[in-house]
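Structure first, then comments.
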Protein chains: 2
Amino acid sequence: MDTSQRREQRTASAAEERRRELLEAADRVVLRDGPEASMNAIAAEAGITKPILYRHFGDKSGLYRALAKRHTDALLANLRAALDAPNERRDRVEATLDAYLSAIEARPQVYRFLMHPAENANAADSDRGFDIGRHSAPVLRRMGEELAGFIAERLDLGPEGEVAARVWGHGIVGMMHAAGDWWLGERPVARDVLVRHLADLLWGRLAAVGDRPGAARL
Amino acid sequence: MDTSQRREQRTASAAEERRRELLEAADRVVLRDGPEASMNAIAAEAGITKPILYRHFGDKSGLYRALAKRHTDALLANLRAALDAPNERRDRVEATLDAYLSAIEARPQVYRFLMHPAENANAADSDRGFDIGRHSAPVLRRMGEELAGFIAERLDLGPEGEVAARVWGHGIVGMMHAAGDWWLGERPVARDVLVRHLADLLWGRLAAVGDRPGAARL
DNA sequence: CACTGGGCGTTACCGCAAGTAACAAGCACG
DNA sequence: CGTGCTTGTTACTTGCGGTAACGCCCAGTG
């Protein structure tokens, strides 16, 4: 069936094109109204109605996952570039922190969408309520895994190196995220100051610094 | 109006008692069904109907905030105790990490409830969608602030000490949270191993460790 | 040419959860 | 007794995610 194959290809590529358009419409709405945007609103922005969205993405979390993937891919590319530069280790760490913080500072709406926790579509947990764990946003998981792989590959951590790298990867990402979230809300200092303090923390200053002179109680 | 005062006091204390009962019923339901429990289910568990819940707590996020406060208070008390012990700094840090991880390991349902992000009742953001920042769960914010205060009080961080302490407080809490969340999901190692790796990270091992021997590209 | 199948699109609906209005009963106090 | 407050109810509205059932168009086929 030659003709039918061609037909399939053509319709398939057209469908993908359509899907991209729908994603872009969804992106506009989500960046305007936040993650609580309704499917109706997204469909309206795309000039269509709900059932089409559902045909393309299954359900809302499917749409949001597709949307999050795009932004996450872009962000990860930035971070990888910063982490992979041929500098001193400290410089690379600072550059990576700065890249992340620049991203969330420049596009807080994207940040908000990526962190909002409505994209948890696990299939095999219905019989028992045991979907504990996995509360960080997928973007954080991916960043953590990525960084873990990088650490395991580049650093000599000896035995237990695999586990240590994973702990460090997720831990460092969590540190960056929490500090960034706090900073984004209050904005008490300039970005480079924040970066320096975080790098200091990672560089062991917590262990090196002395007790406070006047601290009577301890 | 002596009698009316007494009456007020009595009814007030009775209302508080009732409120406690309602909170305990809500707690049972939430720990059984997860944070997506419906107000109907909670009311049923308490043996009443919805409007009474709304009279007591305003709305669902009010109820959840009251519920979260209890658990957060308890958790913070534990952490404070671990952090305040008269040991070496490293021992105290490890004890605190272990206290947190023990808590989330022992009662993952509580953890799940505390981390779920449905308790965001900000009042002054309706005109513009600018409630960016503040995506971590309130429990993380509180832990971060608490730790920041502790650090600022005990450690001699020189100038910029206030800011540095806040960055570190939120950063360390975020590190602990992210690593704990990952660990709780996969459970690849025992708790004390995780604690050691996290403490190593805080103690600057990231800076101290060498490049991997076979790492050609760099 | 008539015809038929499948993708695009619609309207109209279901179920469910948050939140509210309006009303009923117990009970202390004047 | 009756008045007012708290506790409680039923029954509703609104808004969302998700779906069923149907119309349209148009490429290929006999």
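Here is how names work: the chains are called A, B, and so on, in the same order as the sequence lines, proteins then strands, and each is numbered from 1.
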A:S61 and A:R65: side chain donor to acceptor below 3.5 Å: yes

Between A:E36 and A:H116: side-chain donor-acceptor atoms closer than 3.5 Å: no

Could you state the atom-to-atom distance from [atom1] of [X] to [atom2] of [N] in whole Å?
{"X": "B:Y64", "N": "C:dA17", "atom1": "OH", "atom2": "C1'", "value": "12 Å"}
{"X": "B:H56", "N": "D:dT9", "atom1": "NE2", "atom2": "P", "value": "11 Å"}
{"X": "A:L53", "N": "C:dC8", "atom1": "CG", "atom2": "P", "value": "13 Å"}

Side-chain donor/acceptor of B:R89 to backbone N/O of A:L206, under 3.5 Å: yes

Reading 5' to 3' through nucleotides 11-25 of chain D, protein heavy-atom contacts under 4.0 Å coded B for base, S for sugar-phosphate only, - for none: -----SBBBB-----

Side-chain N or O of B:R19 closer than 4.0 Å to phosphate OP1/OP2 of D:dT7: no

Residue-phosphate contact under 4.0 Å: A:T49 side-chain N/O, C:dG9 OP1/OP2: no

Sugar-phosphate, base or nothing in reach of B:I48, heavy atoms under 4.0 Å: sugar-phosphate

Centroid-centroid under 6.0 Å between A:Y64 and A:F57 rings: no

Test of ring centre spacing under 6.0 Å for B:H177 and B:Y100: no

B:R196 bridged to B:E94 by N-O distance under 4.0 Å: no

Lys NZ or Arg CZ of A:R90 over A:W203 ring: under 6.0 Å, within 45°: yes

Stacked cation flag B:R187 on B:W183, 6.0 angstrom / 45 deg: yes

Interface residues of residues 21-30 of chain B with DNA chain C (non-hydrogen, below 4.0 angstrom): none

